[in-house]
Every structure is written in C-alpha cells, then in structure tokens.
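Working notes, beginning with the structure itself.
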2 protein chains.
Amino acid sequence: MTNLSIGELSRQVAVKVPTIRYYEQIGLLPSPPRTEGRQRRYGAEDVSRLSFIRHARDLGFEVEAIRELLSLTAQPDQPCEPADRIVLRHLESVERRIAQLELLRTELRHMLEDCRHGPVRECRIIQVLADHDECRHEHGRVS
Amino acid sequence: MTNLSIGELSRQVAVKVPTIRYYEQIGLLPSPPRTEGRQRRYGAEDVSRLSFIRHARDLGFEVEAIRELLSLTAQPDQPCEPADRIVLRHLESVERRIAQLELLRTELRHMLEDCRHGPVRECRIIQVLADHDECRHEHGRVS
DNA sequence: CTACAACCTCCAGCGACTAGAGGTTCAAGA
DNA sequence: TCTTGAACCTCTAGTCGCTGGAGGTTGTAG
C-alpha cells in the first residue's frame, strides 16, 4: 500500500508510467519522495489522488477542471457549488458535442443512401463534398 | 475568380490564411504560382479544391481521409466504392463517439442529481470521483 | 556478486491548426 | 512618382493530453 514504485502505482491505478510523470510535471500530482538513487516512492494518498484524476479523465474532464476539483477536496468545509458548476459546464459541453455529432451522423447517412455505386464521376458523395450547397443542413465544426 | 491573393481566397472559401498555407505545406493543396515578389496567386481550380477540403473538414473527415477522397476525384472513371468505404468508416466512428458521449451524459446527470448542495465533505460529486466503484456504469476513454 | 527489469531524464511527435516576430511587397491615394 | 500601410512572406513555437524512444542508472532476486 505504501512505498510503491512508479510501476506499482501504475498497475494499481491503471495509469501508464509516463502519464504519472507527466501529471507530476504539470503539477496535478505532488513530487513524491525519492530513494537515494532518485527513484520515486508513493504512498496511499497518492493512490487516492491519482484514482481521482483517472476517474475524472474517464468522465472527460479537462486537466484544468480536475485541478479545480482537486483543490476543492482540500477545502471540505466549503460549499460544493463550485464542483456543481464544473460538472454542469462539462455536461453542457458534452451535450453540445452530442448534438453536433448527431447532425453529422444524419448527413453521413444521407450521403451513403444517395450513393448509387457507379463511377466516381456520378458519385453523390463526391458531388456533395465538391458543392456544399447540395447538402441538407448547416453545421459548425466538430471539436 | 482567377489570380486571387491568399487573403481573397481565404474570404471566398472561409478558410483562414495560415490554414491555407498549412494545407499547402502538408500537400493537400498544390503550391500555386507566385508573383515576382513571391506572393501566392490562386485560380478557380484552387477555389474548388479548397472548398472540397473545407466541406469535408466540416463533416469531420480527417486530413488523411480527405487526401484519399481528393485522389479519387482525380479518377472519375473508377468505381466510387473507396469513397463509400471512407464515409462508412467515418460514420461508424461518429456513432461510436455518440454512444460514448451518451454514457457520459447519463453519468454526469446522475452526479448532478445526487448532489445535495452541502459542504464539499458531503458532496456526492466529489465522492464519486474519489471512489469510482460507486458509479453506475463502466465506460472507456472519450476520444 | 551478477543480471536484468525497472527506473531515470530529456526530447520529439501526434492532429490540425493558430499565433507571433520580424521582414517584404503590393496597390491605392496624394 | 512617391508614400503609406495593409497584406503578404518565412520561420518558429504553442495548443491538449499524453506517448514513445534514446541512452544511461538503480534496485532486487537469485
């Protein structure tokens, strides 16, 4: 549980070794103590913190949002509204992305339906791309 | 229509000037002729090609896929099945991303519903992140 | 004591742009 | 014809969140 090498921590939390070093570099994880030979040694606290980070990344939170969430956990008496707001903001961005991707899906399906499988010259797919006015919907860039 | 400067082309097609130079650099656009002072001059063919690229990017196609689609337009007698396959592959990836984002949306909504708006100590959002076993679903990384 | 797996640091690369520095050219108005 | 200044040029570096490799060092099991 304590005094884990970086490889052991990596296996426990399912985060790759270079990623752990990267998180330390950008200040998401504290610099752990080292052995005499300068190898990192981690404790239970690091396991929790890295798990938190991993779960948040799995949920698609950006590193900056995770940084804010982590700083909230250090203030357990403060109200949790800031956490609420971070999650809501993320939810809204997920919903925007879903909406955009659904528009995209519709367009791509139409393109495939319209294709008559002849030569490229007659291909609706290519024509739609070449002349965008033929398509059915407007849509913004997908992030 | 012909002999456009890069800025005029940019306005016509709604692609930023540095992006046009970038497309030239990676070989999506051919190197255009230059004035004596080494400024780029574009013709109608470039307008079409860049429009094609922009529409395909708007639909979320990767640059490599666009490269393949462009090379197909140069072979108008060949069958359009390769184009078909590229679009299908892209559609499938869009569908996978939608499915993942929908799982995410569900989880984020649950987190917000569970939050009782007390202090951080009692915040379900923070607890779920700290102890992932409490959450309802498994999900992979979002790309 | 010897192997050798695992560790270390530093740097480069991914994708698709975007921005800035520092210098040159074009074209319109005086 | 000259001047001004917007638009152009090249080159480099930064974005995000890692990931991989080179080349060298350390920890530990046998």
Side-chain angles (χ1 to χ4, degrees), chain A residues 2-29 31-42 46 50 52-70 90 93-94 97 100 140-143, chain B residues 3-29 31-42 46 50 52-70 89-90 93-94 97 100 140-143:
Chain A
T2 40
N3 262 18
L4 301 168
S5 73
I6 197 168
E8 288 161 342
L9 177 63
S10 167
R11 279 186 291 280
Q12 281 234 355
V13 186
V15 173
K16 289 181 184 163
V17 168
T19 304
I20 296 175
R21 287 196 276 249
Y22 169 72
Y23 287 159
E24 181 183 333
Q25 191 191 311
I26 64 172
L28 266 198
L29 281 179
S31 303
R34 305 275 187 132
T35 63
E36 287 208 352
R38 303 192 45 70
Q39 294 197 1
R40 292 167 177 85
R41 288 299 177 265
Y42 294 96
D46 299 304
L50 186 53
F52 187 103
I53 295 168
R54 191 183 113 77
H55 302 334
R57 285 295 299 134
D58 282 350
L59 287 168
F61 287 96
E62 293 175 4
V63 163
E64 281 318 300
I66 296 174
R67 211 185 286 279
E68 293 174 52
L69 288 170
L70 281 169
H90 182 44
S93 107
V94 166
R97 277 151 73 196
Q100 280 202 330
R141 300 253 164 172
V142 184
S143 54
Chain B
N3 261 17
L4 302 168
S5 73
I6 196 168
E8 289 162 342
L9 177 63
S10 167
R11 278 186 291 279
Q12 282 235 353
V13 186
V15 173
K16 290 181 185 161
V17 167
T19 305
I20 296 174
R21 286 196 277 248
Y22 169 72
Y23 287 158
E24 180 182 334
Q25 190 190 312
I26 64 172
L28 266 197
L29 281 179
S31 304
R34 306 274 188 133
T35 63
E36 288 209 351
R38 301 195 47 69
Q39 295 197 359
R40 292 166 178 84
R41 288 298 177 265
Y42 294 96
D46 299 304
L50 186 54
F52 187 102
I53 295 169
R54 191 183 115 78
H55 302 334
R57 286 293 300 132
D58 281 351
L59 287 168
F61 287 96
E62 294 175 4
V63 163
E64 280 319 299
I66 296 173
R67 211 186 287 279
E68 292 174 53
L69 288 169
L70 280 169
R89 186 157 32 94
H90 182 45
S93 107
V94 167
R97 278 151 72 198
Q100 279 201 330
R141 298 255 165 169
V142 184
S143 55

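First the proteins, then the strands, lettered A, B, ... as listed; each starts at 1.
Regarding B:Arg57, its CZ atom lies at a distance of 4 Å from the P atom of C:dC17, rounded to whole Å. Computed from coordinates, the A:Leu28 CG to D:dC18 C1' distance equals 12 Å when rounded to whole Å. Here C:dT18 presents its P atom at 12 Å from CD1 of B:Ile26, a figure rounded to the nearest Å. Rounded to an integer number of Å, the gap from B:Ile20 CD1 to D:dC9 C1' is 14 Å. Put simply, CD on B:Glu64 is 11 Å from P on C:dC14, counting in whole angstrom units. Atom CD1 in B:Ile6 sits roughly 15 Å away from atom C1' in D:dA6 (whole-Å rounding). In this structure, the CG atom of B:Leu9 is 10 Å from the P atom of D:dC8, given to the nearest Å. The distance between atom CD of B:Glu24 and atom P of C:dT18, rounded to the nearest whole Å, is 17 Å.
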Problem - side chain to side chain contact (heavy atoms under 4.5 Å, CB included) between B:Ile53 and B:Leu70, intermediate numbers included - result: CA-CA 8 Å; B:Ile53 295 169; B:Leu70 280 169; 4.0 Å; yes
Handout entry: side chain to side chain contact (heavy atoms under 4.5 Å, CB included) evaluation trace for A:Arg57 with A:Tyr23
Key = CA-CA 12 Å; A:Arg57 285 295 299 134; A:Tyr23 287 159; 3.7 Å; yes
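Summarising the local packing, CD of B:Glu62 is surrounded by 12 or fewer heavy atoms from other residues, nucleotides or ligands at distances under 6.0 Å.
The shortest distance between side-chain heavy atoms of A:Pro32 and A:Arg41 does not fall below 4.5 Å. The closest side-chain heavy-atom distance from A:Arg97 to B:Arg97 is not below 4.5 Å.
Contact annotation: A:Tyr23 reaches the phosphate of D:dC18 (side-chain N/O to OP1 or OP2, under 4.0 Å). Considering only side-chain N and O atoms, B:Arg34 lies nowhere under 4.0 angstrom from the phosphate OP1 or OP2 of C:dT25. Residue B:Ser5 has a polar side-chain atom (N or O) positioned under 4.0 Å from OP1 or OP2 of D:dC8.
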Kindly give the atom pairs (protein nitrogen or oxygen, nucleotide nitrogen or oxygen) under 3.5 Å for nucleotides 26-30 of chain D.
from   : atom 1 : to      : atom 2 : distance (Å)
D:dG27 : OP1    : A:Thr35 : OG1    : 2.7
D:dG27 : OP1    : A:Gly37 : N      : 3.0

Pairwise N/O distances under 3.5 Å, protein to nucleotides 19-21 of chain D:
from   : atom 1 : to      : atom 2 : distance (Å)
D:dT19 : OP2    : A:Thr19 : OG1    : 2.9

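The side chain to side chain donor-acceptor pair (under 3.5 Å) test applied to B:Glu36 returns no partner, not counting sequence neighbours.
To the nearest 0.5 Å, atom CD1 of residue B:Ile20 and atom CG of residue B:Leu28 are 12.5 Å apart. Note that CZ of B:Arg40 is 14.5 Å distant from CD of B:Glu8, once rounded to the nearest 0.5 Å. Put simply, CD1 on A:Ile26 and CZ on A:Arg21 are 14.5 Å apart, with the number rounded to the nearest 0.5 Å.
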